[in-house]
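Here is the structure we will look at, set down as structure tokens.
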Amino acid sequence: MVGICDANNFYISCERVFNPALNGRPAVVLSNNDRCIIARSNEAKAIGLKMGQPIYQVRDTLRTYNVALCSPNFPLYQDMSDRMQAILKRFAPTIVYSIDEAFLDFRGFDPGKLDALGHTISRTVRHSTGLPVSIGIAPTKTLAKIASKLCKKYPKLNGCCLMHKAEDIEKVLKKFPVGDVWGIGPRYEKMLNAAGVNTAYDFTQMPPQWVRKKMSVVGLRTWKELRGEPCIEIDEIAPDKQHICTSRSFPSEVSDFDMLHTAVASFTATCAEKLRRQKSVCGELYVFIYTDWHKEQSQSFERRIVKLVTPTDSTLELTAMAADALRQIYRSGFGYKKAGVILGDISPRTGVQVSLFDPIDRGKHSRLMSVMDDLNRKQGRGTVGVAAGRHKLLETVHEHLSRQFTTDINDILKVKAKD
DNA sequence: TCTGGGGTCCTAGGACCC
DNA sequence: TCTGGGGTCCTAGGACCC
């Protein structure tokens, strides 16, 4: 048996832990620059606010229902996530799946005791972190996901839903919309509905050859999992990333080369930091800049891939190459709305083949980088860097930011004694 | 006026090789 | 009229996840 522990409305719940005034009212967390909705409380869902919806489209609703707005506070969410995962690990081998979810490996556990254990875990996380979670337990990961969704829908389940008897599972699947199944997105949902497949149960009754043909081996795995055959493996040790990306939309259009350069340099530095954290090097650097694609008039979507002779993790080298690439794709007269950097062709740092006429002192670079990473880790991000300064106009706007309640000593809540 | 920011895997088709 | 066959690698595009 396998379990999934999924935090309910995770970002919102994190905000609520430190700001109880948000309880019971519609609240949303916004994307960078407070542009669109990326998380919603149940109350916000109930009044029809949608994931990814731009704020300007729902101004009236926000006002009418007095919706609380929160700018994204990712350091807080990550810290709360770490706390949740630490608690889960006390009960069963845990595989972190995303910031708000983890799988629990219940193989070898007594199935008769799992319901009670699941409830204990749910209660413990709630008490120790303040986060409400939904735990689903079933023979496969896909079924466990369904169980955890039931948990959210039916509060009387009290934070844990165990699904293991074949007839119970069948009963659930017959009512479960196929589009809500993990692994079936909007495209496949449409295709399946058109073929008369509306519930998860309908899907399990389709011939495997048909599923394979229409949805490839990925769809077939989902089909098998729904029929109780585990076949989605998730690695215990998070594999190294194959691509590392940093990109942002700008608060307003940017047409000045130096400003773009500053942005691209800082994205590259962030990417390189992530790369060094996983002890890898990259062999490829990709830089892109977009104009606003919503506008009718002429657009520009430019990108350049640079292949490296010798793979590297040096911010110095990468920022220099990114600047060259940017110089090649930049065109004056355009207002750019978004830019980004992607590192690819990633491999472990050990075993780098240095080319014969390598002009770079790699030892020196790597000593410099590790001093830099160290300082940034201890003194906070952005303490030292090689980026070309900062521009006020590029800074992300966060009008409704909560404080760093758990990670900054100055922001820790103070308890006042009543006299 | 205004639309997020990360990732994964799979497949088909073209280039190229022998 | 007739136009090999098998393999690899790369890329773009399409689907999905949170």
Check: A/F288 ring centroid to A/Y290 ring centroid under 6.0 Å: yes

Are A/K50 and B/dT3 close enough that a side-chain N or O sits under 4.0 Å from OP1 or OP2? no

Contact class for A/R59 vs. all strands (heavy atom < 4.0 Å): base, sugar-phosphate, or nothing? nothing

A/D374 and A/V371: CA distance, side-chain angles, deciding distance, side-chain contact (heavy atoms from CB on, under 4.5 Å) verdict: CA-CA 5 Å; A/D374 248 27; A/V371 169; 5.6 Å; no

Considering every strand and a 4.0 Å limit on heavy-atom distances, what is the contact class for A/Q53: base, sugar-phosphate, or nothing? nothing

Closest to the A/T246 side chain, choosing from C/dC18, B/dG6, B/dT3: B/dG6

Without decimals, in angstroms, what is the distance between A/E225 CD and C/dC16 P? 17 Å

Mind calculating the distance between CD1 (A/I55) and C1' (B/dG4) to the nearest angstrom? 12 Å

Check this one for me: any side-chain N or O of A/K338 less than 4.0 Å away from OP1 or OP2 of B/dG6? no

On a heavy-atom basis, the closest approach of A/V264 and A/A339 is CG2-CB, 4.4 Å

Using a cut-off of strictly less than 4.0 Å, decide whether A/S249 has a side-chain nitrogen or oxygen near OP1 or OP2 of B/dG5. yes

Is A/E170 paired with A/K174 through a side-chain N to carboxylate O contact shorter than 4.0 Å? yes

A/I38 CD1 to B/dT3 C1', in whole Å, measures 13 Å

Quick one: is A/R35 getting a side-chain N or O under 4.0 Å of the B/dG4 phosphate, OP1 or OP2? no

With heavy atoms under 4.0 Å as the rule, sort A/K213 into base, sugar-phosphate or nothing. nothing

Salt-bridged, A/D313 to A/R349, with N to O below 4.0 Å? yes

Rounded to whole angstrom units, what separation is found between the OH atom of A/Y97 and the P atom of C/dC17? 8 Å

Could you run down the sub-3.5 Å N/O contacts of the protein with nucleotides 7-15 of chain C?
unit_1 : atom_1 : unit_2 : atom_2 : d
C/dA15 : OP2    : A/R187 : NH1    : 2.5

Between A/T315 and A/R276, is any side-chain donor less than 3.5 angstrom from a side-chain acceptor? yes

Base-paired stems that DNA chain C participates in, counting runs of 3 or more Watson-Crick or G-U pairs under 3.5 Å: B:5-18 with C:5-18

Atom-pair distance (CD on A/E399; C1' on B/dC2), nearest Å: 14 Å

Assess the side chains of A/N73 and A/E15: does a donor N or O sit below 3.5 Å from an acceptor N or O? no

What's A/I244 touching, base or sugar-phosphate or nothing? Going by heavy atoms closer than 4.0 Å. sugar-phosphate

Pairing of A/E284 and A/K307 as salt bridge, 4.0 angstrom limit: yes

If you measure from the P atom in B/dT3 to the same atom in C/dC18, how many Å do you get, rounded? 25 Å

Between A/S216 and A/Y56, who's closer to the 5' end of DNA chain B by nearest nucleotide? A/Y56

Do A/S134 and A/D6 meet the criterion of a side-chain donor-acceptor pair at a distance under 3.5 Å? no

In whole Å, I'd like the distance from the CZ atom of A/F288 to the C1' atom of B/dG6. 11 Å

Is A/R331 salt-bridged to A/E302, going by a charged N under 4.0 Å from an acidic O? yes

Using a 4.0 Å heavy-atom cut-off across all strands, classify A/N33 as base, sugar-phosphate, or nothing. nothing

Using the closest heavy atom to pick a nucleotide of DNA chain B for each, name whichever of A/D240 or A/F250 lands nearer the 5' end. A/F250

Tell me which nucleotide among B/dG6, B/dC2, C/dC17 gets nearest to the side chain of A/W182. C/dC17

What is the nucleic acid contact for A/I99, judged by heavy atoms within less than 4.0 Å: base, sugar-phosphate only, or nothing? nothing

